[in-house]
Structures are given as C-alpha cells and as structure tokens.
**Q** 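My structure is below; once you've seen it, I'll send some questions.
Every chain is numbered from 1, with letters handed out A, B, ... down the list of sequences. We use all heavy atoms of the structure for the numbers below, so side chains are in, but hydrogens, waters and symmetry mates are not. The structure presented is a predicted model; accordingly, all values stated were derived computationally and were not measured.
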2 protein chains.
Amino acid sequence: MKLEKITNKSRRYEDACGTAHALDLIGERWAMLVMRELMLGPRRFGDLRAGLPGVSANVLTQRLEGLEAAGVVRRRKLPPPASVQVYELTDWGLEAEPFIKGLGKWAARSPLHDPSLPLSAVSMMLSLRTMFRPDPAIGSLTIGFQFGEEAFHARVRDQALTTGRGEAGDADVVIAAPPPTVAAAVYGFAPLPPEAVATGDREAFDRFATLFELPDKAG
Amino acid sequence: MKLEKITNKSRRYEDACGTAHALDLIGERWAMLVMRELMLGPRRFGDLRAGLPGVSANVLTQRLEGLEAAGVVRRRKLPPPASVQVYELTDWGLEAEPFIKGLGKWAARSPLHDPSLPLSAVSMMLSLRTMFRPDPAIGSLTIGFQFGEEAFHARVRDQALTTGRGEAGDADVVIAAPPPTVAAAVYGFAPLPPEAVATGDREAFDRFATLFELPDKAG
DNA sequence: CGGCATCCGGGAAGATACTG
DNA sequence: CAGTATCTTCCCGGATGCCG
C-alpha cells in the first residue's frame, strides 16, 4: 500500500529537468508549507496542524510520509521522559529555504495577495528573513517575540539579521502579540498597539520595523 | 464558469504567507513547468505540449487560463501574416526564474533524480544557467545549439554566461544533437558523439563543458 | 491528545475523441 | 494546429473511529 504509492510513477512528471523532479518530490499540495513550518526547527504533528490552517490529518500524514521517503523530512523520537515524536527537516531539506523564501518574495508582488489572512508564527519569522534590507541596518538590535507559548528572537548586527526560536536574554524589547499584528506593524499597515510591548523599549521595535519592506506590486 | 474557478476559494490556502500565496497562484500541477517552457521566450500551444511530456490538452488550457488570470502569463496574437497566438511570461512572471532554477538545483541533489528521462530544449538551456560555475570561466566562448528546428546559443564572457534563442553568427562550434545527448556530454555522463558537431571546433565544446557541474548528491 | 486507518463526496487531472 | 467535450481515475478534504 505504502510501497505502491512511492513506486507509483503514473503521477510523476517524466522529465529529467531538475525543476520537474523537485515538483515530483515536494510539489504536492501542502508539501512546501509543511517544509516552511519545519524551517525553524522540529515540530510535532499537532504543531504542524496548528500552523497549517485547513490541512486535514490524513493529508498531513501522507505528506509527512512522502517527504520522509524523499529524504526531506526525518522523524525523530525525543528521548524519555519527553518521548514525543517530532518531525524535522534533513540538512538537505533545510537547503530549500532560499527558494521557499524566493517564492514568497515573488508572490508578495501579486496584486491578488491578501495580507489580512491568518499568519503562523513561523511564517512571520521567515518573512522577516525574506524582507530584510541590509543597507539601512546600522547598529545592533535584539527583539524578542512571544507568540502565545512560542518564543522567537531576531537579532540585527553587522548589517545582518539572524532569527530563531527561543527567548533572547538581551532583548531590547519583547513583543507579545499575534503574528498578524506584528506583521502589520513591521510592514506599516497598522501601528503596533501599546499593549503589545511586553517589556523594554518600544522605540527599539520601531527602528527594527524600518529595516523591512514589502516589494512593490507587479503590473 | 471561468469566473467561478477564479473566485473559488475552497481550494486556496487561507494563509497570508507569501509562499502560500505563490502556491495559490502557480502551485497547481504543471503550472511551474509551463512557466519554465516560457522562460526563454513566447511559445505556441503546441510547442508547450511538445516540451511538457504527458500534459493533456485540456489541463494545459486550464493552466494557461489560470496563469493568465494570475498575471503571470499573457497571450498575444502575432501580427499578420503570421497571425498565430502565442503565450508569453509577463515581466513579473519572468522574475520567477531565480526560484525556478533554485528548485532545479536543489532537486538535482536528490538521490532519486533520474537524468535519463526526456529533457526539453528549454530545460537543457536553463540547466546551463543553473549549473554554470563562474570561477573557471576564463576567456570567451560561443556555442550554438541546434535542437531540431530550434536554435539556441550560449556565450561565455567576463566570467558570465548568457543564453538565448536563435543562432549566433560567431559561434566557435555548433552542436546538433538531442537535448539529452548534449546534457550527458556537458555533465560528464557520456562523451559527445562526433556527429553531434555540426560545424566548428569540437574542442571548444569540451572546454565549455568543463564550466558546468551538477551538485553533489544529498545524504 | 497524537497518529493513523477508513469511508465518502467533490473536484482536479489524465486519456481519448472530436471540432473549427 | 489549437483547442473543446467527455469519461474515467485518482487526489484532496472532511468526518469518524481506533489505539496507545
């Protein structure tokens, strides 16, 4: 049953082109978005469901199986006492980040793009990596983000941005707000509500926000 | 009927993430491969079918409609006496080249990749752009390719590669062979058969071939 | 709750035949 | 040559249920 699916060639592009092979591997519905959700570290099945609005459990199971068979995703059992199973990208899977961001940056120019839709915490953090402008990024800045239970941080230094999971002890400011609210503030759609500043200096966030810009619309 | 399809939200990712929106626009089956075939210039319906092994006419029609609605593809009627209809990428559609190549380069590292499958002329030329190594590319070199009726050229100068449709009057060598044969020679799987050299200096092609390299397999 | 199997309805993709 | 019409097959999405 499982073997049939993997060896089933009928639905594959019979094409030596690398792009076609990429679509054989990760071109099915939801596959690249699963990879997106894993881009910032391992996640549990339920975490993935939460970050992927509308995916059904059986489809998510199929995708994870397919991505595992392709060598893009690995499942790992955390040691006791945690003993939970998590999914994570392989090294090679992690190398997909540039074109996954490239897709996002390109599509942000679409006139049909609707920024008011839901946005996962991972999407928010990845969008920072995508839309960062190194040129005006002088000085150092550290921002903490608290999205419900999940903590992230972003650090600007030497005209480079690094982001990741976890709190930053040295944050200039910690923002606690839903991802869409933070996105709206960073990209200038709506000012950050005062209550979103959990601790620290709001002005640091405002400087941070000037370092990101959405591309112009196409057409 | 057509409007229903475009406004039908049921199959869309309800996600503000740019990557998700990209997949709304060009994530359907065959869509990115249609874009690939248009990357080197306008094509007719039949040309696209020929370059896309296995696509059926109705699906190709649907994709072209969808890509046109998304603003990625434009249909144009050539002036008389030609009067044929062609499809071409918009400027924005053309900007997809980096991540389409990125997908290909990434997937070329897959252990499951099978280079012996069919390869279209456009795929062949795009793979050159993808796998070019600037560092060893000293000197100048111009190669012509004749794939059946279609002519292409590649030019190396100042450690940069340019490729496009049409013959090059100043080619050092002109290769006339099927795209897979040329690919096998460029990437070192099989030597170029002598009869593939239509005119010019075979050794020029051999030097050219050293400028391209497939990435190592992952895992 | 996490993960996976199963069934079902709708719809997209594939194959083929057909038309201007 | 450039699509359209039709039929079949299969994937996707939703619901349910099982089991640890």
Side-chain angles (χ1 to χ4, degrees), chain A residues 1-15 20 23-24 26-34 37 42-69 73 75-78 80-88 149, chain B residues 1-2 4-15 20 23-24 26-34 37 42-69 73 75-78 81-88 149:
Chain A
M1 176 69 145
K2 225 178 282 182
L3 255 183
E4 289 173 23
K5 292 194 52 127
I6 294 173
T7 54
N8 176 16
K9 300 183 196 320
S10 70
R11 204 73 174 211
R12 293 215 301 235
Y13 304 106
E14 295 293 328
D15 195 324
L23 296 172
D24 282 334
I26 61 172
E28 286 170 306
R29 197 162 160 76
W30 294 107
M32 292 197 214
L33 298 185
V34 170
E37 284 298 308
R43 308 261 70 198
R44 299 164 55 162
F45 191 88
D47 298 330
L48 294 173
R49 283 196 78 172
L52 266 15
V55 75
S56 61
N58 50 5
V59 171
L60 181 54
T61 300
Q62 289 175 33
R63 282 312 151 267
L64 288 168
E65 283 174 2
L67 291 172
E68 190 179 7
V73 162
R75 61 175 40 176
R76 193 155 55 88
K77 189 113 178 174
L78 258 39
S83 287
V84 290
Q85 182 173 244
V86 294
Y87 298 88
E88 64 183 358
E149 301 294 292
Chain B
M1 174 73 142
K2 224 177 286 185
E4 288 172 25
K5 292 193 53 124
I6 295 173
T7 54
N8 177 16
K9 299 186 200 314
S10 68
R11 205 72 174 215
R12 295 215 299 234
Y13 304 106
E14 297 293 329
D15 194 324
L23 295 172
D24 282 334
I26 61 172
E28 287 170 306
R29 200 162 157 74
W30 296 106
M32 292 196 214
L33 298 185
V34 171
E37 285 298 308
R43 308 260 70 196
R44 299 164 55 162
F45 191 89
D47 298 330
L48 294 173
R49 283 196 78 172
L52 266 15
V55 74
S56 60
N58 50 7
V59 171
L60 181 54
T61 300
Q62 289 175 35
R63 279 314 148 267
L64 288 167
E65 284 173 1
L67 291 172
E68 190 178 7
V73 161
R75 59 173 40 172
R76 194 155 53 89
K77 188 111 179 175
L78 259 38
S83 289
V84 289
Q85 182 173 246
V86 293
Y87 298 88
E88 65 184 358
E149 300 294 293

**Q** In Å and rounded to the nearest 0.5 Å, what is the CG to CE distance from L23(B) to M32(B)?
**A** 5.5 Å
**Q** Quick one: is dC12(D) close enough that its OP1 or OP2 comes under 4.0 Å of any side-chain N or O from R63(A)?
**A** yes
**Q** For the pair made of CG in D47(A) and C1' in dG2(C), what is the distance, rounded to whole Å?
**A** 11 Å
**Q** Mind checking what makes side-chain hydrogen bond (donor to acceptor under 3.5 Å, both in side chains) contact with S56(B), not counting sequence neighbours?
**A** N58(B)
**Q** Sequence neighbours left out, cut at 3.5 Å: what donor-acceptor pairs do the side chains of residues 44-54 of chain A make with other protein atoms?
**A**
from   : atom 1 : to     : atom 2 : distance (Å)
D47(A) : OD2    : R44(A) : N      : 3.0

**Q** Expressed in angstrom and rounded to an integer, what is the separation of E65(B) atom CD from dG3(D) atom C1'?
**A** 10 Å
**Q** Of the nucleotides dA13(C), dA2(D), dC4(C), which has the atom closest to the Y87(A) side chain?
**A** dC4(C)
**Q** To the nearest angstrom, how far is R43(B) atom CZ from dA2(D) atom C1'?
**A** 15 Å
**Q** Given atom CD of Q62(A) and atom P of dA5(C), what is their separation to the nearest angstrom?
**A** 10 Å
**Q** Would you kindly give the CD-to-P distance between E28(A) and dC10(D), to the nearest whole Å?
**A** 15 Å
**Q** Measure the distance from CD on E149(B) to P on dC1(D) and round it to the nearest whole Å.
**A** 12 Å
**Q** Hey, is the main chain of L33(A) close enough, under 3.5 Å, to the side chain of R63(A) for a donor-acceptor pair?
**A** no
**Q** Looking only at non-hydrogen atoms, find the nearest pair between D15(A) and A20(A) and report the distance.
**A** CB-CB, 3.6 Å
**Q** Restricting to non-hydrogen atoms, name the atom on R75(A) and the atom on Q85(A) that form the minimum distance, rounded to 0.1 Å.
**A** CD-OE1, 3.5 Å
**Q** Any side-chain N or O of Q85(B) below 4.0 angstrom from OP1/OP2 of dA2(D)?
**A** no
**Q** R44(A) side chain: which of dA13(C), dG2(C), dA5(C) is closest?
**A** dG2(C)
**Q** What integer distance in Å separates L60(A):CG from dA5(C):P?
**A** 13 Å
**Q** How would nucleotides 14-20 of chain D be written as a contact map, 5' to 3', with B for base contact, S for sugar-phosphate-only contact and - for no contact, using protein heavy atoms under 4.0 Å?
**A** BB-----
**Q** Shortest non-hydrogen contact from Y13(A) to D24(A)?
**A** N-OD1, 3.0 Å
**Q** Categorize R75(A) for me: base, sugar-phosphate, or nothing, with a 4.0 angstrom heavy-atom threshold over every strand shown.
**A** sugar-phosphate
**Q** Within less than 4.0 Å of OP1 or OP2 of dG14(C), is there a side-chain N or O belonging to W30(B)?
**A** yes
**Q** Starting at atom CZ of R12(A), determine the distance to atom C1' of dC11(D), rounded to an integer number of angstrom.
**A** 17 Å
